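What follows is one structure encoded as structure tokens, with my remarks underneath.
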Amino acid sequence: LDLSCKKVGDGWVVAKDRWQTLTDLEVTHANLDRLAEHCCEFLVHAADVEGKCQGIDEALVAHLGAWGKIPITYAGGAKAARDLARVHELSAGRVHLTFGSALDVFGGTLVRYADCVAWNRAVSAAQRGEAGAQEAWDKLCAP
């Protein structure tokens, strides 16, 4: 289920019509529970930062990670490969990150697809406990 949302006060509400119309559906854990009964994963667009390459909405990522009952992919504002590690950290590994206009395969210049693949391989190796995985992880996460 694709949820586009915008920040309103201390939370987020679902937006529609190319993010121009705010709905009354808040992105709360209770609402995620209810919606999760009808899907197997969420793609959450942070409309306030989407396409700007100026940074992720860290509070939204942490909010989604605190729920984390089904797979969630976050989209919006990512500008560096190290954002992969930041999303992983903020969400305790429960939220994935997708890159858009920053990624080289989409014409961007800020993030190389090869670096994203390397990061994902390092995470997988670390999860399997392979030798040298932590060093690879640390190198990829360095600022």
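Only this structure's heavy atoms are used, side chains among them; waters, hydrogens and symmetry mates stay out. The chain is numbered in sequence order, starting from 1. Just so we're clear, the structure is a prediction, and the values are computed from it rather than from any experiment.
In terms of heavy atoms, Ala75 sits closest to Thr98 at CB-CG2, 3.4 Å. Across all non-hydrogen atoms, the minimal contact from Thr21 to Asp17 is OG1-OD2, 3.1 Å. In terms of heavy atoms, Leu1 sits closest to Cys39 at CB-SG, 3.8 Å.
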Practice problem: Show your working on side chain to side chain contact (heavy atoms under 4.5 Å, CB included) between Leu60 and Tyr74 and close with a plain yes or no. | Solution: CA-CA 9 Å; Leu60 178 56; Tyr74 167 90; 3.9 Å; yes
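No side-chain heavy atom of Val123 sits less than 4.5 Å from a side-chain heavy atom of Leu84. With contacts defined as side-chain heavy-atom distances shorter than 4.5 Å, the pair Phe106/Asp104 does not qualify. In this structure, Leu25 and Leu35 have side chains that are in contact, with non-hydrogen atoms separated by less than 4.5 Å. Residues Leu90 and Ile56 are in side-chain contact: their nearest non-hydrogen atoms beyond the backbone lie under 4.5 Å apart. At a threshold of 4.5 Å between non-hydrogen side-chain atoms, the residues Cys5 and Val13 do not count as touching. Counting heavy atoms from C-beta outward, Trp67 and Ile72 have side chains that approach closer than 4.5 Å. At least one side-chain heavy atom of Cys53 sits less than 4.5 Å from a side-chain heavy atom of Ser101. A 4.5 Å side-chain heavy-atom check between Leu103 and Cys116 finds at least one atom pair inside the cut-off.
Comment: Lys69 engages Asp33 in a salt bridge, judged by a side-chain N to carboxylate O separation of less than 4.0 angstrom.
At least one donor-acceptor pair under 3.5 Å links the side chain of Asp83 to the backbone N or O of Lys79. Without hydrogens or angle criteria, Arg94 side chain to Gly65 main chain gives a donor-acceptor distance under 3.5 Å. Under the 3.5 Å distance criterion, the side-chain polar atoms of Ser124 are matched with a main-chain donor or acceptor of Asn120. Listed for the Asp57 side chain is no donor-acceptor partner under 3.5 Å among the backbone atoms of Ala46. A donor-acceptor contact shorter than 3.5 Å is absent between the side chain of Tyr113 and the backbone of Asp115. Looking only at distances, no side-chain donor or acceptor of Gln127 sits under 3.5 Å from a matching main-chain atom of Ala125.
By the 6.0 Å contact criterion, CZ on Arg128 is enclosed, its count of non-hydrogen atoms from other residues, nucleotides or ligands being greater than 12.
Connectivity analysis of hydrophobic side chains (ILVMFWY, heavy atoms under 4.5 Å, direct or indirect) links Leu43 to nothing; its cluster partners are none.
Leu22 and Val14 fall into different hydrophobic clusters, where Ile, Leu, Val, Met, Phe, Trp and Tyr residues are linked whenever their side-chain heavy atoms come under 4.5 Å apart, directly or through other members. Connection of Trp19 to Phe42 is not established within any shared hydrophobic cluster, with ILVMFWY side chains joined at heavy-atom distances below 4.5 Å, either directly or through further cluster members.
Shown here are the ring-ring contact (aromatic ring centres under 6.0 Å, His included) partners of His45, two or more places apart in sequence or in another chain: there are none.
Note that CD of Gln20 is 6.0 Å distant from NZ of Lys6, once rounded to the nearest 0.5 Å. Annotation: the span from Ser91 atom OG to Arg86 atom CZ amounts to 10.5 Å, rounded to 0.5 Å. Taken to the nearest 0.5 Å, the CG atom of Leu3 stands 7.0 Å off from the CG atom of Leu32.
Aromatic rings of His29 and His63 (six-membered ring for Trp) have centroids within the 6.0 Å cut-off, being under it.
Neither side chain, Trp12 nor Asp48, offers a donor N or O lying under 3.5 Å from an acceptor on the other.
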